[in-house]
Structure formats: C-alpha cells, structure tokens
Amino acid sequence: MLNTLEGILKQDNFSSSDIVKLLSSDGEARTLLFRKSAEVKEKYIGRKVWFRGLIEFSNVCGKDCLYCGIRKGNRNLVRYNLTDDEVLEAARFAYVNRYGSIALQSGELESPSVTGRIENLLHKIKELSNGELGITLSVGEQTPEVYKRWFDAGAHRYLLRVESTNETLYRKIHPGDIKHSFSRRMACLKYLQDIGYQTGTGVMIGLPFQTLEDLAGDLLFMEEFDIDMCGMGPYIEHADTPLIKHSGSLLPLKERFDLTLKMIAIIRIMMKDINIVAATALQAIDPIGREKAVKIGANIVMPNITPGKYRDSYKLYDNKPCTDDSAEDCQSCLEARISLADAEVIYGEWGDAIHYKKRLEG
Ligand code: SAH
C-alpha cells in the first residue's frame with residue numbers, strides 16, 4: 001500500500017482510482033499524503049492564511065434542500081434578515097480590523113428586491129472601505145443578468161457549492177422539482193466563471209449514499225472546470241431535516257472529518273494555487289478542525305462577524321460552533337489558533353487566488 005501510494009503521489013495527474021486509493025489511505029500512507037499536500041501549500045502559497053469576515057445576513061430561504069437546517073420547510077427556527085445598517089456595521093468591523101475581505105452569505109432567494117438590495121449593499125460596502133474590502137457573495141442560484149449586476153457593483157468572488165457532482169446523488173439529497181435542478185446549479189457556476197468572478201465551489205463529504213468514487217468524481221470535476229476557490233466540509237446531520245432518517249447509514253463523524261481532510265489535501269496537490277477554505281463545519285466535529293485543515297492545505301478562514309444575536313438562527317447543521325461568540329472573540333481566538341497551526345494571518349490584503357490571475361493571463 002505504501003509503495004503504491006508513494007507512486008501515486010509522484011504523478012502529475014490523478015485518475016479516479018488513484019484518488020480513491022488516496023482517500024482510503026491510513027497510517028503511514030495517510031501521513032505521506034498530508035506531508036505532500038503541506039509541502040505543496042508551502043511552496044505555492046506559503047504558510048499564509050487570509051480572512052474572509054463572514055456575514056450571514058439572512059436565513060430566509062426559498063429552497064428545501066433535504067440536508068439543510070435553514071431549508072424553507074423547517075418551521076423550528078426564527079427567521080431573520082439583518083438590516084442594511086447591521087450589514088454595513090459588520091463590514092465596517094472587518095475593514096477597521098484589516099480583514100482583507102468579507103463574504104456575504106444567506107439562504108437562496110431570487111427577486112428584484114433581493115437583487116437591488118444586494119447591489120446597493122455592495123456599493124455601500126465599497127464606499128465605506130474606499131474600495132479596499134474584497135467581497136465574496138454566496139447567495140445561491142441567480143440569472144446571469146443578476147450575477148453581472150453584482151459583479152459590476154463590486155463583488156468579485158462567488159461561492160456556489162455544487163454539493164455533489166453525481167447527478168443521481170444530487171437528486172437524492174434535493175427535492176425533485178424545478179427549483180432544485182442539478183443542471184441549473186451547474187449552469188450557474190459557468191455563468192459566474194464567464195462573467196469573470198473568481199469562482200468557488202465544493203461539496204459535502206460523508207453524505208448518505210455517497211461513495212469514494214463520487215468524491216473522486218467531485219475532485220476531477222473541480223480540476224476540469226478550473227475553479228479558483230474550493231470550500232468543502234463534512235456533512236453533519238440536522239435533526240429538523242428529512243435526511244436525518246438516514247443517520248444510521250452514515251460514516252461516524254470522525255471518519256467524515258478525516259475524509260474531509262484527505263479531500264482538502266488531494267485538491268491542494270491537484271490544484272496547487274487555488275484558495276481552499278478551512279470550513280467551519282470541521283470545527284463542529286473537532287475543536288481544532290480548522291487548524292488541522294490549514295496545516296495540510298487550506299489557506300482561507302472565515303471568521304464569523306454576523307451580529308451575535310442572530311448566529312443561533314443560522315444553523316445549517318447541529319452543533320455549529322461559535323454561535324455564542326462576538327466578532328471580537330472570533331478574531332482573537334482565530335488568530336491564536338492559526339499561529340498554533342504554524343501559519344500567519346495576512347491582514348489588509350485581498351488574498352486573491354493565484355490561480356485566478358494565472359487563468360486570466362491564459
Ligand atoms: N444557500 C446558499 C448558501 C448557504 S448554505 C448557497 O447555496 O449558495 C452554505 C453551505 O452550507 C451549503 O452550500 C452546504 O454545502 C452547507 N450545508 C448545508 N447544510 C449542511 C449540513 N447539514 N452539513 C454540512 N454542511 C451543510
């Protein structure tokens with residue numbers, strides 16, 4: 001096994017079966033994988049981490065994804081929508097504390113008023129930060145026209161996880177209606193890339209029905225699509241969602257966590273200069289989960305800067321960490337944590353994916 005794995009790690013390209021072998025590695029072989037991914041990160045990115053201050057500005061959602069705690073059908077939570085002033089205040093906090101960028105995230109809604117509101121917020125955030133704050137959007141599927149308006153208003157990165165690139169699996173974890181179409185999600189990712197966004201996607205790891213071959217397919221898709229940013233995290237059950245009925249068939253949480261670290265390590269080796277986020281969901285399983293991800297390949301962390309009183313209501317999954325903290329707590333806690341992971345937080349820079357710049361240069 002060790003020999004096979006060493007051989008695979010020397011290759012320039014991985015096949016699906018190579019990736020499955022890497023995902024199955026344990027003991028020394030697993031250590032080798034992590035050592036290699038850490039080396040790649042150090043060589044191409046350095047021991048650096050950039051912050052994206054995360055503003056979860058609304059949990060109102062028009063979709064009913066079967067895994068998600070803020071799905072429309074869940075009546076067991078208080079719905080909220082930050083006021084524009086609260087959003088701007090959070091953005092100002094990020095700016096004053098020299099976070100290079102923020103990320104605006106919410107449930108998925110499509111309407112002229114949502115489009116206009118976000119466009120207006122983008123203008124105002126650019127204004128209050130002298131154009132210095134980088135802005136990532138993560139507000140789901142929209143028309144190409146809407147994506148373009150937001151791009152023109154100053155958003156330059158967009159995160160849209162495909163959740164799974166196996167259409168059969170995708171259909172099992174979403175309702176079978178037009179609102180949850182696999183092909184539209186894929187099309188949206190393409191619109192974003194064509195408009196010029198730094199484009200990010202990712203999947204959940206350890207979903208019911210998911211196989212290692214599915215995960216290998218996910219990584220190969222990301223490589224082929226030529227993404228700039230990757231956000232992947234473990235699937236974590238939420239008691240008030242339909243998918244809870246499959247809990248019995250899931251991998252133990254620790255194994256989902258381990259598989260996520262391996263996915264991060266492998267994508268880092270495959271796509272050396274992209275931005276990879278250390279997902280918050282990792283920390284729901286392991287108190288130093290994000291730091292572990294930073295050590296083996298991730299270079300982006302998203303401190304939560306949503307006003308404290310709303311945090312409990314943005315529960316995508318059970319046991320979501322840091323919902324009791326304030327933005328100030330998150331910063332000092334994270335800074336200490338990142339240095340424990342032997343990395344350094346870079347302030348006052350956007351921290352764009354090197355991959356994106358190279359992609360543009362062709
Ligand atoms: N709806 C927006 C973003 C909000 S949800 C969009 O799709 O653009 C952000 C991410 O949380 C989702 O993409 C999904 O991958 C993740 N998520 C949702 N439910 C989850 C769960 N139960 N466990 C782990 N991650 C989950």
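If you read the sequence from its start, that first residue is 1, and numbering goes on from there.
Salt-bridge annotation for E344 and R47: absent, with no side-chain N of the basic residue lying under 4.0 Å from a carboxylate O of the acidic one. A salt bridge does not link D240 with K315: every distance from a Lys NZ or Arg NE/NH1/NH2 to an Asp or Glu carboxylate oxygen is 4.0 Å or more. Checked for salt-bridge contact, E163 and K63 miss the test: no charged N lies under 4.0 Å from a carboxylate O. The pair K295-E291 does not meet the salt-bridge criterion, since no charged nitrogen lies less than 4.0 angstrom from a carboxylate oxygen. Salt bridge D352/K357: absent, no basic N to carboxylate O contact under 4.0 Å. Note on D273 versus K358: salt bridge recorded, some NZ/NE/NH1/NH2 to OD/OE distance being below 4.0 Å. E110 has a carboxylate O that lies under 4.0 Å from a charged side-chain N of R184, or vice versa, which qualifies the two as a salt bridge.
Transitive grouping of hydrophobic side chains (ILVMFWY, heavy atoms separated by less than 4.5 Å) keeps L259 and L250 in distinct clusters. In the hydrophobic clustering of this structure, L220 does not group with L207; members are Ile, Leu, Val, Met, Phe, Trp, Tyr whose side-chain heavy atoms approach within less than 4.5 Å, directly or through other members. I205 and L66 fall into different hydrophobic clusters, defined by Ile, Leu, Val, Met, Phe, Trp and Tyr side-chain heavy atoms under 4.5 Å apart, directly or through other members.
Judged by distance alone, the side chains of H355 and N275 never bring a donor and an acceptor atom under 3.5 Å apart. Using modelled atom types, one finds a donor on one side chain and an acceptor on the other under 3.5 Å when comparing N304 with T306. Using modelled atom types, one finds a donor on one side chain and an acceptor on the other under 3.5 Å when comparing D177 with H180.
Taking both residues in full, the closest heavy atoms of I305 and A94 are given as CD1-CB, 3.9 Å, listed atom of the first, atom of the second, then distance. In terms of heavy atoms, R117 sits closest to T83 at NH2-C, 3.7 Å. In terms of heavy-atom proximity, R92 sits nearest to E89 at NH1-OE1, 2.9 Å.
For the side chain to side chain contact (heavy atoms under 4.5 Å, CB included) with I19, the lone residue among L219, I267, L215 that qualifies is L219. Checking each of R157, E132, E349 against S101 for a side-chain hydrogen bond (donor to acceptor under 3.5 Å, both in side chains) leaves exactly one that passes, namely R157.
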Exercise. Apply side chain to side chain contact (heavy atoms under 4.5 Å, CB included) to R149 and I118, showing your working.
Key: CA-CA 10 Å; R149 271 176 63 181; I118 292 178; over 6 Å; no

Exercise. Decide yes or no on side chain to side chain contact (heavy atoms under 4.5 Å, CB included) for I338 and R290, but give the supporting numbers first.
Key: CA-CA 9 Å; I338 302 301; R290 284 188 287 191; over 6 Å; no

Practice problem: Could you walk me through whether V345 and L334 pass the side chain to side chain contact (heavy atoms under 4.5 Å, CB included) test, one step at a time? | Solution: CA-CA 9 Å; V345 180; L334 269 169; over 6 Å; no

Practice problem: Using the salt bridge (Lys or Arg N to Asp or Glu O under 4.0 Å) rule, take K148 and D152 through it: C-alpha gap first, then chi angles, then the decisive distance, then the call. | Solution: CA-CA 6 Å; K148 178 78 169 77; D152 291 340; 2.9 Å; yes

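N59 places no side-chain N or O within 3.5 Å of a backbone atom of Y314 that could act as its donor or acceptor partner. Side-chain N or O atoms of D218 include one that pairs as donor or acceptor with a backbone N or O of T165 at under 3.5 Å. Looking at R161, its side chain does come within 3.5 Å of a backbone N or O of G231 through a donor-acceptor pair. No side-chain donor-acceptor contact under 3.5 Å links K124 to the backbone of L88.
Between Y99 and Y347, the ring planes lie tilted relative to each other; the angle falls in the 30° to 60° range.
Within 6.0 Å of NZ on K126 lie more than 12 heavy atoms contributed by other residues, nucleotides or ligands. Crowding of I178 atom CD1: a count of heavy atoms from other residues, nucleotides or ligands under 6.0 Å not exceeding 12.
You'll find the side chain of Y191 stays beyond 4.5 Å of the side chain of V146, heavy atoms only.
No close placement of the Y67 and Y235 rings is indicated, their centers lying 6.0 Å or farther apart. Checked against the 6.0 Å centroid criterion, the rings of H174 and F182 do not qualify as a close aromatic pair.
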